[in-house]
Amino acid sequence: MVLDANWAVKWLTLCAQAMAENRVWLIELDRAIGDSDHGENMDRGFQAVLDKLAEVPPETPGAALKLTAMTLISKVGGAAGPLYGTAFLRAAASLGDTVEVEPAAFAGALLAARDGIVARGKAEPGDKTMVDAWTPAAEAAVAAAADGAGSVLEVLVAAAEAAEAGAAATDPMVARKGRASYLGERSAGHRDPGAASSALILRAAVGAAA
Amino acid sequence: MVLDANWAVKWLTLCAQAMAENRVWLIELDRAIGDSDHGENMDRGFQAVLDKLAEVPPETPGAALKLTAMTLISKVGGAAGPLYGTAFLRAAASLGDTVEVEPAAFAGALLAARDGIVARGKAEPGDKTMVDAWTPAAEAAVAAAADGAGSVLEVLVAAAEAAEAGAAATDPMVARKGRASYLGERSAGHRDPGAASSALILRAAVGAAA
Amino acid sequence: MKKLINDPRAVVDESVDGFGLAHADLVAVNAEPRFITRRDAPVSGKVGLLSGGGSGHEPLHAGFVGMGMLDAAVPGAVFTSPTPDQILPATQAVDSGAGVVHIVKNYTGDVLNFETAAELAEAEGIQVRTVLVNDDVAVEDSLYTAGRRGVGGTVLVEKIAGAAAERGDDLDSVAAIGERVNSNVRTMGVALSACTVPHAGSPSFDLEDNEIEIGIGIHGEPGRHKIPLENADTITDMLLEPVLSDLGIAAGDKVLLFVNGMGGTPLSELYIVYRRAARVTADRGATVERSLVGNYVTALEMQGCSISVLRLDDELTGLWDAPVHTAALRWGV
Amino acid sequence: MKKLINDPRAVVDESVDGFGLAHADLVAVNAEPRFITRRDAPVSGKVGLLSGGGSGHEPLHAGFVGMGMLDAAVPGAVFTSPTPDQILPATQAVDSGAGVVHIVKNYTGDVLNFETAAELAEAEGIQVRTVLVNDDVAVEDSLYTAGRRGVGGTVLVEKIAGAAAERGDDLDSVAAIGERVNSNVRTMGVALSACTVPHAGSPSFDLEDNEIEIGIGIHGEPGRHKIPLENADTITDMLLEPVLSDLGIAAGDKVLLFVNGMGGTPLSELYIVYRRAARVTADRGATVERSLVGNYVTALEMQGCSISVLRLDDELTGLWDAPVHTAALRWGV
Ligand SMILES: Nc1ncnc2c1ncn2[C@@H]1O[C@H](COP(=O)(O)OP(=O)(O)O)[C@@H](O)[C@H]1O
Ligand SMILES: Nc1ncnc2c1ncn2[C@@H]1O[C@H](COP(=O)(O)OP(=O)(O)O)[C@@H](O)[C@H]1O
Ligand SMILES: [Mg+2]
Ligand SMILES: [Mg+2]
Ligand SMILES: [Mg+2]
Ligand SMILES: [Mg+2]
């Protein structure tokens, strides 16, 4: 298995599928501590990504992620649009023109994505945002790749599992950024929708490589 | 038992009591085929009558009914205000200065009241309005008084019973006057609120003489 | 029942009181009996224009008191017409000697109470003319009903007759203009939910989650029939078709199109209805010359809307465009 | 879910389309990407004023496009901020060379998307200034929140900055006036019921029959806390006290008092709230110089209201009074 343009397109296709399937769940999560639009936003955004991918098939993983970034920025809106847009843009820049992404480079792209989200949104780990999924995911990928022993699939799985654990860990948190922060203590006891969609995205990366 | 000013005041007092007790029921009846205000209107009107009776105790039954008419006209509004106002005004005029009302004179007053309602509202029997209570009531009173045998109480009871039967008879009717007429066939199966309140008024007349 | 109120029986008094405070530059409120007049009433030489009816239809009527529209509004209890002893002093307060036009929505209660008040006013030497508004095509005007109701079209009658009075028309002319508007306007409404009369405390009718009431009035009464929930375009067609047909709107006609909210429907939805209604009207070959979209003749917090079409001629258009300065309609000043 | 809509995903497009049809004399609608401009934009020599945000708050913002107020409105999906590729062309469309002020409500999404659009516009040689509106006292402006939200006060910022732009103020001056309004206005809101986002289909939060949410925003999000239903005067006091205190309103201050409906509350109830709020403000020794009562910054069909107080000075009062001609606010013209 190599992380080439085909994998990237499959990844994004599985992302779109995951957002469509989990649209209602993400809306429900956002309904509890936000404004009920996250599932709709992500679904709309990734459907548009699918359309774009069909129009101009990308030649490298980086190109696929850049196209995703531009599409999410122009179609999603809300907080998630610019944050995911920046994440994919930074990941694309980090991959450059690479045709086949090595495990360490993938881990580096996740780190870049996470840094992009933090740079735009100024959230720290523990603030109950998507950062709580991306931070452990990027760190787990770096660790898995650094061992040297990590196969491509092992790195992807490490990232996905860490993102899922990170998303679950937002449940008890009191939000300090984003719309949920307006709720104060009432935000505890609910999963952060953006962390949940982040975990779906990283799980889709595994599916595309399987 | 004589139908003097004391009886009239007691009658109107019992009317006020009946409207307060049946306020919710009359609202419910009006909710089904009208605009949910009849119970509130009648309660407000007769509470005002009580206040007026306390201010200027009337010297004759006619004076009591005239005061009632003027108060209902100025406090009730809606369809019921002018219609009941006219009814009590005509009844008062028919009684004139009489100090003790004979059975036949009482029956005549009910006829005058009914004619007043018809003159203002142009409804015919069967149109599902208060006319369907007042017409049989007035006719029953006339009949009971005409026998000559009819005691005061018998005449009052005849009127009350006929009004109650008349009100119940509005249940299956399709309304042709008032707000319920907008519903067409959908008005069938519900009692007319004005006929119901009319029966309460005539039943109170019995209670005042008992 | 959830409402921003204090005492269900004080709703009208407190609301009118607040209205008077918020618009003290425009109106004066008389508390006992309750009525609202233009601050500068009576306007010397001008025919007075008065309307009233049950409360719960705000901004109708108090929101339309001011220059170029009503001289007085007389609010009854919620959904209950006012009494003659409110209407009479309000009539006196706005009579400058040129007479007063009563704009009355066609309901038994309103008709009877205004009739009595007009008689009493005439007895005191005030000339009164009555314009009866009955624009609701949901109700057949036949022996078997109390006649068509006055609904959304009322605001158009008030605006245009108000402009006629303001330009100096005499009593009969103002009444005639009002009648001309009434005979050229038709309306039909739909409810997606009922409303709750404060003193009653429970919704005015019961609707399932997938039902709507077609042909409702503005008093929370049920409509002509319940139907399953449809989309906005279909509902719009169901309301507009009888309106256009009853008016006989044909190619070349010029109209004012008025989409009125019943109080609880978001403005965004009213514009979705307007969109369809404007297209269907244009498809008939008629020209929408003027429009009005918003909550003007309401039934408390009811969700739903009504569509009114007014056939315009140059004079009516000119009077519609004339300056108006009230709490709820204002332009040209 | 009962709404006068066709397709939940077409709600914004169809509504904006209808808005454009109804107000073709005032505005032009650009369909793809979606934004609304003054019919006569760009106005030569004038600073452009642009605002936008999620839809569902109508008449905000499109209803405030026109002479003396906004040059452009950019509506996102319901409760979702618009994207840079809407904001950028709208900014270009209203720039006459004098620069453009973006009025942005303080939400993470709005801030980020407008930030990107402003960068792109600057890169194309358009000068942009951003006025961030954050008037909601329900949210503490601290490290532990995303900062105070922009709510009802937005309409006051738009009106007054709009008047400054219309009188010919330069870019920095218009932005400075907008910021002055923002720093002198505070708002707090209550919900008696939730609202239903069309694409979500179920109410945005759950409330028992005897509960209300205090400290809500305008996106159907739950408030700071649930409390048992109280009467209007008590609720008014709970909203107004933090507003007056945070602003430090004292004897001798002159204010504009704004009671804003959330979309599903009858006007009559807003006036009951206004009545109490005006009295309490007067009891503090402050003078209510101007008032605004109605549904201006809404959350779909939510029942509830917000109260805003703006501390006035002579310049702000003069700019408030200046002529405005938009679909939802109009005077002096
Ligand atoms: N400052 C921030 N930093 C990182 N992530 C954030 C920030 N603010 C919000 N988010 C993420 O965005 C998600 C909400 O996205 P969405 O619902 O689409 O946008 P909106 O909040 O504008 O409605 C949150 O669940 C959270 O994960
Ligand atoms: N034309 C009429 N003639 C006789 N009675 C009428 C007429 N119209 C209405 N009514 C009576 O008035 C009652 C309604 O009174 P109410 O609810 O107080 O007034 P409104 O209909 O104005 O709300 C009806 O139930 C009916 O009995
Ligand atoms: Mg959201
Ligand atoms: Mg009634
Ligand atoms: Mg009534
Ligand atoms: Mg959102």
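Below, read A as the first sequence line, B as the second, and so on, with proteins coming before strands; counting in each chain starts at 1.
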Please classify the contact between [X] and chain C as side chain, backbone, both or neither, with a heavy-atom cut-off of under 4.5 Å.
X	value
D/V11	both
D/L229	side chain
D/S291	side chain
D/L21	both
D/N210	backbone
D/M1	backbone
D/E301	both
D/F19	both
D/V273	side chain
D/T298	neither

Exceeds 12 heavy-atom contacts within 6.0 angstrom, atom NZ of D/K254: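 Counting neighbours around NZ of D/K254, 12 or fewer heavy atoms of other residues, nucleotides or ligands fall under 6.0 Å, so no.
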Just checking D/Y296 against D/H57, ring centres under 6.0 Å apart?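 Judged by ring-centre distance (under 6.0 Å), D/Y296 and D/H57 do not meet the cut-off.
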Can we call the ring centroids of C/H23 and D/Y274 under 6.0 Å apart?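 Not close enough - the centres of the two rings lie 6.0 Å or further apart.
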Out of the candidates D/V16, D/N6, D/L4, D/V12, only one should pair with C/I272 under the side-chain contact (heavy atoms from CB on, under 4.5 Å) rule; please name it.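 It is D/N6; the other options fail the test.
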Identified side-chain contact (heavy atoms from CB on, under 4.5 Å) partner of D/I36 from the options D/L26, D/N30, D/V29, D/L70: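 The option that passes is D/V29.
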Any donor and acceptor pair, going by atom type alone, linking the side chain of C/S204 with main-chain N or O of C/C195 inside 3.5 Å?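 Yes.
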Donor-acceptor pair, distance only, cut-off 3.5 Å: does the side chain of D/T80 make one with the backbone of D/G76?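 Answer holds: no.
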Proximal component of C/R279, with respect to chain D [non-hydrogen, under 4.5 Å]: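 Only the side chain of C/R279 comes within 4.5 Å of chain D.
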Residue C/Q303 versus chain D: region with a heavy atom under 4.5 Å: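 Side chain of C/Q303 only, per the 4.5 Å heavy-atom cut-off to chain D.
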From C/L256 atom CG to C/K159 atom NZ, the distance as rounded to the nearest 0.5 Å: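 Answer for the CG-NZ pair, C/L256 versus C/K159, is 10.5 Å.
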Pick from D/S55, D/G264, D/S268: which one has the most heavy-atom pairs with chain C under 4.5 Å?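 So the answer, after comparing D/S55, D/G264, D/S268, is D/S268.
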Residue of the set C/N231, C/T281, C/D237 for which side chain to side chain donor-acceptor pair (under 3.5 Å) holds with C/R276: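 One option only clears the test, and that one is C/D237.
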Between C/D13, C/D17, C/L300, C/L207, which shows the greatest number of heavy-atom pairs under 4.5 Å with chain D?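 Among C/D13, C/D17, C/L300, C/L207, the one with the most close pairs to chain D is C/D17.
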